[in-house]
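Being a predicted model, the structure only gives us computed values, none of them experimental.
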Amino acid sequence: MQYRYSGHSGLQLPVLSLGLWHNFGSVDRHENARAILLRAFDQGITHFDLANNYGPVPGSAERTFGRVLHEDLATHRDEMIISSKAGYLMWDGPYGDGGSRKYLIASCDQSLRRTGLDYFDIFYSHRYDPHTPIEETMQALVDIVRSGKALYAGISNYPADKQVECYRYLSEAHVPCVLSQYKANMLVTETLEQNLPLAQQHGSGFICYSPLAQGVLTDRYLNGIPEGSRAARPEGYLKREQITDELMARVRQLNAEAEAQGLSLAQYALRYLLEQEGVTSVIIGASSVEQLNKNLQTISNL
C-alpha cells in the first residue's frame with residue numbers, strides 16, 4: 001500500500017481508504033462485512049471512513065465496525081485511522097440534523113458509544129448548514145478536538161466560499177482542517193476543479209468519495225441493471241431511473257478507453273483520481289472481498 005501525507009499535516013493516509021457508507025449496515029450480512037474489513041486491513045488499508053447515519057439503519061455501520069474492532073482488531077487500534085461525521089438527519093426533532101454545536105457534540109458522543117472507541121482520529125462536519133453560523137460549527141469541531149474526542153478536524157461537502165471560511169477559522173484556532181472530503185469521479189469533476197485547489201492552497205488534504213459513482217463506473221451496468229445490484233435494491237441512494245441511456249453511452253466510452261490501457265473500468269476510474277495532484281486518498285466501497293481485491297489492484301498501476 002502507498003501512503004500520502006494529508007495536506008501540511010504529519011498524518012499519512014493510504015491512497016485507498018475503505019468507506020462504510022453501504023454494505024455494513026444492519027440489513028447486511030455481518031460475516032461478509034467482517035471479511036471485507038479484515039481483508040482491507042491486512043492489505044494495508046488503515047483508514048476506515050464512517051458517519052453517524054451510515055447503515056441502513058442509521059448508526060448500524062458504526063456498530064458493525066465497532067463489533068469487528070472489538071472482536072478482531074482491538075490490539076491494532078493504534079495502526080488505524082478511524083473517521084466519522086455528523087451533519088445530515090440522524091434522529092427526530094430539532095437537534096438531530098444540521099451544524100449546531102448541540103448536534104455535533106451529541107452526535108460525536110453517540111458515535112463513540114456505537115463504535116466503542118475512546119476517540120476518533122478525524123471528526124468531520126458532514127455538510128454546510130445555512131441555518132447555523134460557520135463559527136458555531138467550526139468551534140464545535142475545535143472543542144471536540146481539544147476535549148480529546150478526536151485528534152483532527154475535517155469538513156465535507158462545503159461550497160467553495162464556505163470551505164475557505166472553515167479553513168480560516170480552524171487555522172486561527174490552531175486546529176487546522178486536516179482533510180476535506182468531496183464527491184468526485186470521472187462523471188463528477190466540479191469538485192476537482194473548484195474545491196481541490198482551495199484545499200491545496202490552505203494546506204488541507206483532499207479525499208474523494210463515490211469514485212465509482214456507486215458502481216456505475218464499473219462493468220456492472222454495461223448491459224443493463226442486474227438483480228442484486230445497488231440500483232436494483234429498494235434502499236440506498238442509487239435509483240434505477242438514474243441509469244439512463246445517455247449516462248451509459250458515456251460509461252461505455254470510458255470503458256473502451258480503460259480496455260485500451262489494459263485496465264478495468266473501475267481501475268481506470270480510481271487511477272484517474274489518484275493521479276490528480278493534491279488528492280490524498282480515495283474512499284472505495286466493497287460488497288465482497290473479491291470486489292475489494294479488484295480495486296486494490298489499482299495501486300499497482302499508478
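By the 6.0 Å and 45° rule, Arg77 stacks over the aromatic ring of Tyr119.
Checked against the 6.0 Å centroid criterion, the rings of Phe48 and Phe65 qualify as a close aromatic pair. A centroid separation of less than 6.0 Å is found between the aromatic rings of Phe206 and Tyr182.
Within the structure, salt bridge (charged side-chain N to carboxylate O under 4.0 Å, His left out) contacts touching residues 125-145 (residues at least two apart or in different chains) are Asp97-Arg127, Arg101-Asp143.
Put simply, CD on Gln181 and SG on Cys208 are 9.0 Å apart, with the number rounded to the nearest 0.5 Å.
Inter-residue side-chain proximity for Asn255 and Tyr268 is flagged as unmet; no heavy-atom pair is nearer than 4.5 Å. You'll find the side chain of Leu217 reaches within 4.5 Å of the side chain of Leu187, heavy atoms only. Taking 4.5 Å as the limit, some side-chain heavy atom of Cys166 sits within range of a side-chain heavy atom of Tyr158. Proximity of Ile81 to Leu13: side-chain heavy atoms (C-beta onward) are separated by under 4.5 Å at one or more points.
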Verify side-chain hydrogen bond (donor to acceptor under 3.5 Å, both in side chains) between Ser17 and Ser281, making sure each step is shown before the conclusion. CA-CA 6 Å; Ser17 300; Ser281 182; 2.7 Å; yes
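Judged purely by distance below 3.5 Å, without hydrogens or angles, the side chains of Glu165 and Tyr169 never pair a donor atom with an acceptor atom. A donor and an acceptor atom, one from each side chain of Glu193 and Thr189, are located under 3.5 Å apart.
Residue Leu112 comes nearest to Asp118 through the heavy atom pair CD2-C, 4.0 Å, listed as atom of the first residue, atom of the second, then distance.
Sparse packing is recorded around CG of Asp92, with 12 or fewer heavy atoms of other residues, nucleotides or ligands lying under 6.0 Å away. For His70, the NE2 atom sits in a loose shell: 12 or fewer heavy atoms of surrounding residues, nucleotides or ligands are nearer than 6.0 Å.
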